Amino acid sequence: MKFTKMHGLGNDFVLIDCMEQEVKNPSQLAQEMCDRNFGIGADGLVLILPSDLAEADYRMRIFNPDGSEPQMCGNAIRCFAKYLYERELTEKTKLNIETLAGIIRPELILKDGAVELVKVDMGEPILRRSEIPMEGEEQEQVIKEELAVGTEVFEVTAVSMGNPHCIIFVDDIEEIELSNWGPQIETHKVFPEDINVEFIEVLNQDEIEMRVWERGAGITLACGTGACASTVAAILNGYTNRKITVHLAGGDLVIEWADNNNRVYMSGPATEVFEGEWKL
Ligand SMILES: N[C@@H](CCC[C@H](N)C(=O)O)C(=O)O
């Protein structure tokens, strides 16, 4: 099985081109390949597939290291688009990719013919409580709601970018015990599909700093959908402007929640690391 290892700001993936290879049990393969001791090591397995939809160029499936299949991955879709362009699987610089979160639109930004950045139209955020999904009385938006977790009470804002995110604003991000609170919030009973957890420190109206605990993966260096959801949350709470820089452990993303069309745009890099073969 041929594979390619790529990352977006250190959020790393094994990509498998399924145009000429078949993956029989992707959930099992994700658990094996993503293992950092017994496998290749990655935050997710990404399958490159044809799409049956007339409006889509390709289809992306992503699997977390625990074998679960999330709806979307922001860092992976930048890698996906770069892979398609550099392997000449497309000549287009604007792509329509089918995902479980609907059609997502990456655009390759070229410099001297090479892919410098990928700007992604991530679609509209989902704010309605039941669609996050989050248990409790229906609300248009969940903003700074108190959530009891063990001995602590956090104020959470919930945003879905196709996949669910729980955003918590704190004064000092370094003080947060992410590996303690992350898994407890991820699996809290109020979130029936579990949730990604982002702790955010607002630096000023144009910059936030984020640490993330990903559903099905644990601590990662970056999360694209998480950066988008956190930007939406920061704007909803009145903390920032509509276009900001999100500082993550692995680097920076520029995120904009456009007020003319309600869509979220993410710009950032994608990097290929190596190719290999996996013995089946
Ligand atoms: N790292 C991703 C998100 C991957 C999926 C997530 N763990 C989930 O289960 O929703 C990103 O860059 O968006």
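Note: hydrogens, waters and symmetry copies are ignored here, and every other heavy atom, side chains too, is used. As the structure lists them, so they are numbered: ligands from 1, and atoms in each ligand from 1. Here the structure is a predicted model, which is why all the values come from computation and not from measurement. One is the number of the first residue; the rest follow in order along the sequence.
Closest protein heavy atom to atom 6 (C) of ligand 1: N196 OD1, 3.3 Å. The nearest heavy-atom contact from the protein to atom 3 (C) of ligand 1 is E214 OE1, 3.4 Å. Shortest contact from atom 2 (C) of ligand 1 to any protein heavy atom: C73 SG, 2.9 Å.
In summary, the atoms of ligand 1 found under 4.0 Å from a heavy atom of G74, numbered by their order in the structure, are 11 (C), 12 (O), 13 (O). Each of the following atoms of ligand 1 lies closer than 4.0 Å to a heavy atom of T225: 3 (C), 11 (C), 12 (O), 13 (O). With ligand atoms numbered from 1 in the order given, ligand 1 contributes 5 (C), 6 (C), 7 (N), 8 (C), 9 (O) to contacts under 4.0 Å with heavy atoms of N64. Counting the atoms of ligand 1 from 1 in the order shown, those under 4.0 Å from a heavy atom of G224 are 11 (C), 12 (O), 13 (O). Each of the following atoms of ligand 1 lies closer than 4.0 Å to a heavy atom of N75: 11 (C), 12 (O).
Under 4.0 angstrom from ligand 1, the non-hydrogen atoms of M72 all belong to its backbone. Proximity of A217 to ligand 1, defined as any heavy-atom pair under 4.0 Å, is not found for any part of the residue. Neither the backbone nor the side chain of D43 comes within contact range of ligand 1; no heavy atom lies under 4.0 Å.
The closest approach between any non-hydrogen atom of N11 and ligand 1 is below 4.0 Å. Not a single heavy atom of G216 lies less than 4.0 angstrom from ligand 1. Ligand 1 lies nowhere less than 4.0 angstrom from a heavy atom belonging to Q71.
Under a 3.5 Å cut-off, the side chain of T240 and the backbone N or O of D206 do not form any donor-acceptor pair. At distances below 3.5 Å, at least one donor-acceptor pair connects side-chain atoms of Q31 with backbone N or O atoms of S27.
For atom 9 (O) of ligand 1, the nearest non-hydrogen atom from the set M161, R215, E69, M122 comes from R215.
Side-chain polar atoms of Q184 and N180 form a donor-acceptor pair below 3.5 angstrom. A side-chain N or O of N237 and one of T157 form a donor-acceptor pair less than 3.5 Å apart. E124 and N262 are linked by a side-chain donor-acceptor pair at a separation below 3.5 angstrom, with hydrogens and angles left out of the test. Between the side chains of S230 and H165, no donor-acceptor pair is found at a separation under 3.5 Å.
Under the 4.0 Å criterion applied to side-chain N and carboxylate O atoms, R211 and E198 are not assigned as salt-bridge partners.
I126 and M122 fall into different hydrophobic clusters, where Ile, Leu, Val, Met, Phe, Trp and Tyr residues are linked whenever their side-chain heavy atoms come under 4.5 Å apart, directly or through other members.
Residue I16 is found in a hydrophobic cluster whose other members, listed by chain and number, are M1, F3, V14, V23, L29, M33, I40, L45, L47, L49, F63, V273, F274, W278, L280; membership requires side-chain heavy atoms under 4.5 Å apart, directly or through intermediates.
Among residues two or more places apart in sequence or in another chain, the side-chain contact (heavy atoms from CB on, under 4.5 Å) test is passed with D172 by E174, E175, E201.
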